[in-house]
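Encoded as structure tokens, the structure appears first; notes follow it.
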Amino acid sequence: MIKIHPASEAPTMVRKYATNGDEVFITARDFFHRNKDIRHHKVVVYNEDGSIAYCLGFEKNKPINWEDAENPMVQMHLSNYWEYSADDEGLDWSYADRFQLFLYSELEEYSYHTARMIRKHNPSVTIAFTDPNATFLFQRSEKLLVANSEEELFQQHPELKELRTLRVHPQMEWDVQGVFTNNVSSFLLMTSLYWIKREFYYGPLNPDKTFYLIKQPVKENGLTALIANVVGTKQMIRAIRPDFIPVVDLGVANDPNQFAGTSGEDVWSMFFEQISNHTLAEVYNSQHVILDQNSNLNMNPYMTEFVFSNARAELTYGDDLQYNEAVRAHTEATLAKVFPKDAKRVLAVIARGTDYNAARVAKYVPHGISAEETIAKAIDYVREGNFDHVYLCTEDASYLKLFQESELADKLIYVDQSRIDYQREENNEKLLLEIFGRERSNPYTRTLDYIAVLEGLTKCQALLANVTCGAVTYALGRGTKYEFADVGKIQSGLNG
């Protein structure tokens with residue numbers, strides 16, 4: 001991002017200068033793009049009379065609140081927007097069109113460009129800045145307002161309080177609450193417009209087709225999050241741009257994840273069929289390929305809304321999720337040993353434990369009932385519903401032991417998978433990804449067993465879960481017709 005600095009910070013040796021005007025940010029952007037090694041220098045901007053108006057400085061796009069930001073396992077990198085102009089067409093306006101007033105707190109590269117583009121797209125909206133620097137590049141008018149503060153703006157124009165308002169700030173931060181309260185970064189607003197504009201030419205094939213390549217780092221995501229991200233993105237693309245053909249390649253160099261380490265292997269193809277009838281080899285030799293925003297995904301308002309609302313819980317996979325032959329064979333063989341042939345009524349119980357109880361995870365996920373409370377509920381359901389078996393889905397060894405010592409023991413069935421004893425001191429407060437990395441268990445066989453566990457949920461007649469988690473979204477996403485689904489925090493949303 002390029003930000004404004006006062007004239008007093010002008011360097012004594014000027015390496016690049018510009019004249020104050022509409023294209024000043026683009027001039028600076030192109031300079032910093034070409035000269036990576038001297039991005040610490042400032043571009044000096046002159047007035048027509050030769051005096052210095054201000055300077056422009058480059059700042060790396062990095063979230064200010066991303067925890068453990070130096071840890072490559074979780075670090076989020078946000079790419080720069082090096083190519084845009086006031087003449088851009090084909091942008092996605094569906095997010096910006098929700099609002100009537102755009103209230104920017106600071107004039108910088110992305111706020112200036114989005115304000116110009118939004119005003120050009122819809123002259124009826126109101127653009128306002130609470131940054132006096134806006135007068136450098138904007139003329140005061142009825143539809144473009146400049147004030148010293150938000151309070152001053154609303155005092156001068158009380159009618160603006162009635163407008164649907166998006167507040168835009170320069171801080172790059174991963175802020176789920178901000179998306180839902182219409183208080184976002186200018187980078188996020190920029191992403192909402194440009195996320196479908198990254199077209200690449202890879203070869204001469206398919207001149208009449210446009211592919212949307214879902215190429216995201218897996219990072220700390222587990223299997224169910226990976227599925228929801230890919231299937232959700234495919235369905236979103238299909239709804240917004242039905243002319244695009246989604247394909248997926250989850251092989252990103254130096255992406256440390258629990259499935260392929262840092263090998264860069266395509267994690268999706270390890271377990272799933274391609275999501276279209278076109279192979280990656282064909283796509284990587286085609287003329288029109290839109291590249292997904294990679295790790296910018298979490299800074300796209302559509303995906304934040306999808307991941308952290310009932311939309312994700314209600315996602316139905318349908319034919320968009322197909323396992324490959326090896327996974328299907330392993331799943332069938334595993335579950336044939338778990339489910340008795342005479343089983344008629346099976347209650348599925350999901351008891352999520354381990355790192356869901358870690359303090360650093362607690363603020364991002366809902367916390368449901370305890371394992372003991374889950375057992376008590378399961379006992380009541382078994383009695384009332386005349387279930388002959390309880391199929392337990394848990395990765396927590398201590399939870400399995402509690403069920404084995406309860407009165408459900410003689411009805412209990414489960415997949416014999418590797419489980420974590422989260423009561424052990426060395427595991428406490430650790431993420432599953434970190435525990436798996438330390439124990440060096442085989443990630444492929446571990447995931448095969450977990451897929452079998454998840455597919456077992458679809459063979460049951462009812463569902464009880466102690467908390468909203470990936471296994472829940474999977475069970476419901478598979479379209480399983482349960483007699484009832486007692487799923488804690490999201491139950492009201494599902495029924496509503």
What I'd like to find out is whether the side chain of [X] reaches to under 4.5 Å of the side chain of [Y], using heavy atoms alone.
| X | Y | value |
| --- | --- | --- |
| Tyr54 | Asn133 | no |
| Ile275 | Ile214 | yes |
| Thr27 | Phe31 | no |
| Leu226 | Phe259 | yes |
| His288 | Phe244 | no |
| Thr480 | Leu457 | no |
| Val125 | Gln100 | no |
| Asp131 | Ser105 | no |

For a quick test of reading the model, state the closest non-hydrogen atom pair linking [X] to [Y] and the distance between them.
| X | Y | result |
| --- | --- | --- |
| Glu89 | Lys197 | O-NZ, 2.7 Å |
| Met1 | Ser186 | CE-OG, 3.6 Å |
| Pro132 | Asn148 | CG-OD1, 3.4 Å |
| Gln258 | Gly222 | NE2-CA, 3.7 Å |
| Ala10 | Ile52 | CB-CD1, 3.8 Å |
| Val179 | Pro301 | CG1-O, 4.1 Å |

Measure the acute angle between the ring planes of [X] and [Y], then classify it against the limits of 30° and 60° as parallel, tilted or perpendicular.
| X | Y | result |
| --- | --- | --- |
| Phe58 | Phe32 | tilted |
| Phe102 | Phe99 | perpendicular |
| Tyr104 | Phe129 | parallel |

Counting distance only, does the side-chain N/O of [X] pair as donor-acceptor with the main-chain N or O of [Y] below 3.5 Å?
| X | Y | answer |
| --- | --- | --- |
| Tyr112 | Asp22 | yes |
| Asp255 | Lys219 | yes |
| Asn20 | Phe136 | yes |
| Arg29 | Tyr84 | yes |
| Glu23 | Ile26 | no |
| Asp320 | Val231 | no |
| Trp268 | Glu273 | yes |
| Lys209 | Ile245 | no |
| Ser51 | Asn47 | no |
| Ser276 | His278 | yes |

Within 6.0 Å of [atom1] in [X], more than 12 heavy atoms from elsewhere:
| X | atom1 | value |
| --- | --- | --- |
| Asp208 | CG | yes |
| Glu159 | CD | yes |
| Asp37 | CG | no |
| Gln156 | CD | yes |
| Asn277 | CG | no |

Quiz item: How far apart are the C-alpha atoms of Glu108 and Glu59, what are their side-chain angles, what is the distance that settles it, and do they pass the side chain to side chain contact (heavy atoms under 4.5 Å, CB included) test?
Solution: CA-CA 11 Å; Glu108 29 81 2; Glu59 294 184 8; over 6 Å; no
State the [atom1]-[atom2] distance between [X] and [Y], to the nearest 0.5 angstrom.
| X | Y | atom1 | atom2 | value |
| --- | --- | --- | --- | --- |
| Asn61 | Ser185 | CG | OG | 9.5 Å |
| Leu101 | Leu160 | CG | CG | 5.5 Å |
| Arg119 | Thr126 | CZ | OG1 | 9.5 Å |
| Asn35 | His40 | CG | NE2 | 11.0 Å |
| Leu250 | Phe271 | CG | CZ | 11.0 Å |
| Leu280 | Leu213 | CG | CG | 7.0 Å |

Quiz item: Can Tyr17 and Val45 be said to form a side chain to side chain contact (heavy atoms under 4.5 Å, CB included), step by step?
Solution: CA-CA 6 Å; Tyr17 70 89; Val45 182; over 6 Å; no
When you compare the side chains of [X] and [Y], does any donor N or O come within less than 3.5 Å of an acceptor on the partner?
| X | Y | result |
| --- | --- | --- |
| Thr181 | Asn183 | no |
| Ser85 | Asp87 | no |
| Asn80 | His33 | no |
| Tyr194 | Glu83 | no |
| Gln216 | Asn229 | no |

Quiz item: Between Arg116 and Phe25, is NZ or CZ placed under 6.0 angstrom from the six-membered ring centre and within 45° of the ring axis?
Solution: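 So Arg116 doesn't make the cation-pi contact.
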Self-check item: With sequence neighbours excluded, residues passing salt bridge (Lys or Arg N to Asp or Glu O under 4.0 Å) with Glu455
Solution: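 If we apply the salt bridge (Lys or Arg N to Asp or Glu O under 4.0 Å) test to Glu455, skipping adjacent residues, the hits are Arg478.
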Quiz item: Can you check side chain to side chain contact (heavy atoms under 4.5 Å, CB included) on Arg34 and Trp82, steps first, answer last?
Solution: CA-CA 10 Å; Arg34 292 191 303 267; Trp82 295 121; over 6 Å; no
Exercise. Evaluate the side chain to side chain contact (heavy atoms under 4.5 Å, CB included) criterion for residues Phe272 and Val230: first the C-alpha distance (whole Å), next the side-chain angles of each, then the deciding distance (0.1 Å), finally the verdict.
Key: CA-CA 11 Å; Phe272 308 99; Val230 170; over 6 Å; no
